[in-house]
Number of protein chains: 2
Amino acid sequence: MRVVGAPIGAFGDQCRRRRLQKPPPFVYDYRSDSAPPIHRGMDVQNEPIIARLKAFPMFSDLSAEDLASLAGMLTLRQFPKGSFVISQNDKGSVMYLLVAGRVKVSLASPEGKELALNYLEAPSHFGEMSLVDAEPRSADVIAVSDVEVLCLDARDLSAAIQVQPKLALTLIATLSRRVRSLIGRLEDMAFHDATHRVMRVLLNVATASYEARGVPVVEGLTHYEVATLAGTSRETASRVISQLAKEGVVGTKGRRVIVDLFALRDRIERD
Amino acid sequence: MRVVGAPIGAFGDQCRRRRLQKPPPFVYDYRSDSAPPIHRGMDVQNEPIIARLKAFPMFSDLSAEDLASLAGMLTLRQFPKGSFVISQNDKGSVMYLLVAGRVKVSLASPEGKELALNYLEAPSHFGEMSLVDAEPRSADVIAVSDVEVLCLDARDLSAAIQVQPKLALTLIATLSRRVRSLIGRLEDMAFHDATHRVMRVLLNVATASYEARGVPVVEGLTHYEVATLAGTSRETASRVISQLAKEGVVGTKGRRVIVDLFALRDRIERD
DNA sequence: GTCACACGGTGACCTGAGTCACGCGCGCCG
DNA sequence: CGGCGCGCGTGACTCAGGTCACCGTGTGAC
């Protein structure tokens, strides 16, 4: 294991002052290629894999044998918080099933700016695009917590689809959802101003939080991260949030933002 | 970013002065719903469909029987230049195989701005996303020339995949490509200025033209359309093109732009 | 021909928001 | 407990580029 002390607050919190510096290489070296497999699929011991597979709805109806044969194609890997699971432009034809932890998918510009596409939590999957075309990775995927993934190599894809044909449809559905969400982002960038976009990010995050935990709250995201999600600068995100607080649309309690979902929704609506 | 906007297609040439007016309804009413089928698949007479199917690489290796059974699921329709094949937010679970003509995929904002996502020509397909999720259409698809399409209903999708399993992989591959291209667009919008984006559009169009016809030329696109592709205003697109002409990176012969691919490429490179 | 659009070019203006700079408070660690 | 690093808040400046306004020109209809 090459990486010892897991990288500071990840780079999630990578500070704006650091943005232009090269990040410490010893962390960035921790790539999928070098990540040690925790369990190889061929192991006699692949119960851990099977157990984790069952968490995926698309595999929940498989027989024990099918699960086992699927597990035979998968490798379990762990990534520490802050490490790159995938780097943009890398070659690589492995798809990942995220079984534990949280990752962010984001783009980095040469000038050191960052645009976050998404935050994913288990169970979900990513990296499937390189399975079908041979193109290099189109974005970075960075662990924002310690993470466990199951890796499926492109060579095994058709075998996997044989075992569970639903997999193909699931992939299509995921990609569709992704296309829709990207179109939405693009629409936002093209048609709406920064204020609008920040509000939308807040609304989305708070709504998700509400659905998951019953509290319409934005927490665990710095203003910088909100900004990367909205495609704007930290300062602008900050100003928008202050303004919304002043208007009473959100409340700020320490470093968390409590959102009045309805108020925010129609604050967005009326342009 | 602002995209100056306006409708559309037949009215691709629509003038900026008209931008905010409602377009003449008799054209816009021409929707997929109302488009008369030219040949229903069930017809005894489905040779025309079969003939057109063969143009698609993914079906070229099918047996005569398979082609016939596939044709049985398809309906041939025509759309006149300027009509909407798909409208954003419509429900609809039909996928289209474009067999003749040219369509543009674009987004319209309520304020009448427009962002073009893509121009497609036969053979290609669109509208497949609604096959798998039940979401409404995420963009407009507008015929920019007279167009022929084959329609496949969602109900027949799995049957079609049965006939040609490759279809599933083709769909995945198409969606992947689309995701990549959308990510590229988003990157452009987030990281690059309007000048850069316009240059990229010119490069792409000219490169495609070069590959198809051996001439690195941009024609058949108004400055307004270039602007919608770049996510900027007509005026800005216009100014960029003038500037590039002044620099000798492109030549303008009447209303066509001849691009020096190499010069433009490294003009873009050196930021 | 000529009339009328549609398209393209360009100047002037103005605002959204990126950027810089700095100060503040909190939480962590020696 | 004192410092220091990190995240947040805000003012000031700047400028890319959207918008408005207007004109010239090519082109297609009749």
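Below, all heavy atoms of this structure are taken into account, side chains as well, without hydrogens, waters or symmetry copies. Just so it is clear: chains get the letters A, B, ... in the order the sequence lines come, proteins before strands, and each one is counted from 1. Note that this is a predicted model, so its numbers are computed, not measured.
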Undergrad: Starting from P on C:dA17, measure out to NE2 on A:His192 and report it in whole angstrom.
TA: 12 Å
Undergrad: Can you tell me how far CE of A:Met199 sits from CG of A:Asp193, rounded to the nearest 0.5 angstrom?
TA: 7.5 Å
Undergrad: Taking the minimum atom-to-atom distance to the side chain of B:Glu235, which one of C:dC20, D:dG9, D:dC20 wins?
TA: D:dC20
Undergrad: Tell me whether the OP1 or OP2 atom of C:dG16 has a side-chain N or O from A:Thr236 closer than 4.0 Å.
TA: no
Undergrad: Please give, in whole Å, the distance from D:dA16 C1' to B:His196 NE2?
TA: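 Taking NE2 of B:His196 and C1' of D:dA16, I get 15 Å after rounding.
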Undergrad: For DNA chain C, which residues in residues 237-255 of chain A have a heavy atom at a distance below 4.0 Å?
TA: A:Arg239, A:Arg255
Undergrad: Return the value, rounded to whole Å, for the distance between atom CZ of B:Arg256 and atom P of D:dT27.
TA: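 Distance, rounded to whole Å: 11 Å.
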Undergrad: Would you work out how much the helix from C:dG1-D:dC30 to C:dG30-D:dC1 bends between its ends, with each end axis defined by five base pairs, to 10 degrees?
TA: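 Between the first-five-pair axis and the last-five-pair axis there is 30°.
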Undergrad: Does B:Arg256 CZ have over 12 foreign heavy atoms under 6.0 Å away?
TA: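 No - once you tally the heavy atoms of other residues, nucleotides and ligands closer than 6.0 Å, there are 12 at most.
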Undergrad: Round to a whole Å and report the spacing from CD of B:Glu114 to P of D:dG18.
TA: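 Distance check: B:Glu114 CD to D:dG18 P gives 15 Å.
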Undergrad: With side chain to side chain contact (heavy atoms under 4.5 Å, CB included) as the criterion, how do A:Val103 and A:Leu98 come out once you've worked through the C-alpha distance, each side chain's angles and the decisive distance to 0.1 Å?
TA: CA-CA 9 Å; A:Val103 300; A:Leu98 179 63; 4.2 Å; yes
Undergrad: Which word best sums up how the rings of B:Tyr96 and B:Phe126 line up, parallel for under 30°, tilted for 30 to 60°, or perpendicular for over 60°?
TA: parallel
Undergrad: Quick one: A:Leu115 CG to C:dG18 C1', roughly how many Å, whole number?
TA: 15 Å
Undergrad: Counting distance alone, no hydrogens or angles: does the base of D:dG9 have a donor or acceptor under 3.5 Å from a partner atom on the side chain of A:Arg234?
TA: yes
Undergrad: Ignoring backbone atoms, test whether B:Thr232 places a side-chain nitrogen or oxygen under 4.0 Å from the OP1 or OP2 oxygen of D:dG18.
TA: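 For D:dG18, OP1/OP2 do have a side-chain N/O of B:Thr232 under 4.0 Å.
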Undergrad: Rounded to whole angstroms, how far apart are CE on A:Met199 and C1' on C:dG16?
TA: 14 Å
Undergrad: Report the residues that fulfil side chain to side chain donor-acceptor pair (under 3.5 Å) with A:Arg137, sequence neighbours left out, ordered by chain and then residue number.
TA: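 Result, side chain to side chain donor-acceptor pair (under 3.5 Å) vs A:Arg137: A:Ser130.
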Undergrad: Salt bridge or not between B:Glu148 and B:Arg52? Use side-chain N to carboxylate O under 4.0 Å.
TA: yes
Undergrad: Using whole Å, report how far CD of A:Glu219 lies from P of D:dG7.
TA: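 Value for this atom pair: 16 Å.
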Undergrad: Test A:Met129 against B:Val179 for side chain to side chain contact (heavy atoms under 4.5 Å, CB included), laying out the working first.
TA: CA-CA 9 Å; A:Met129 276 160 37; B:Val179 169; 3.4 Å; yes
Undergrad: Give a yes or no on whether a salt bridge exists between B:Glu247 and B:Arg267, defined as a side-chain N under 4.0 angstrom from a carboxylate O.
TA: yes
Undergrad: Looking at C:dG9, C:dG18, D:dG17, which one has an atom nearest to any side-chain atom of B:Ala194?
TA: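 Nearest listed nucleotide: D:dG17.
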Undergrad: Under the salt bridge (charged side-chain N to carboxylate O under 4.0 Å, His left out) rule, what do A:Lys104 and A:Glu114 come out as? Steps first, then yes or no, please.
TA: CA-CA 12 Å; A:Lys104 93 172 154 184; A:Glu114 184 186 355; 2.7 Å; yes
Undergrad: Rounded to the Å, how far apart are B:Lys113 NZ and D:dG18 P?
TA: 9 Å
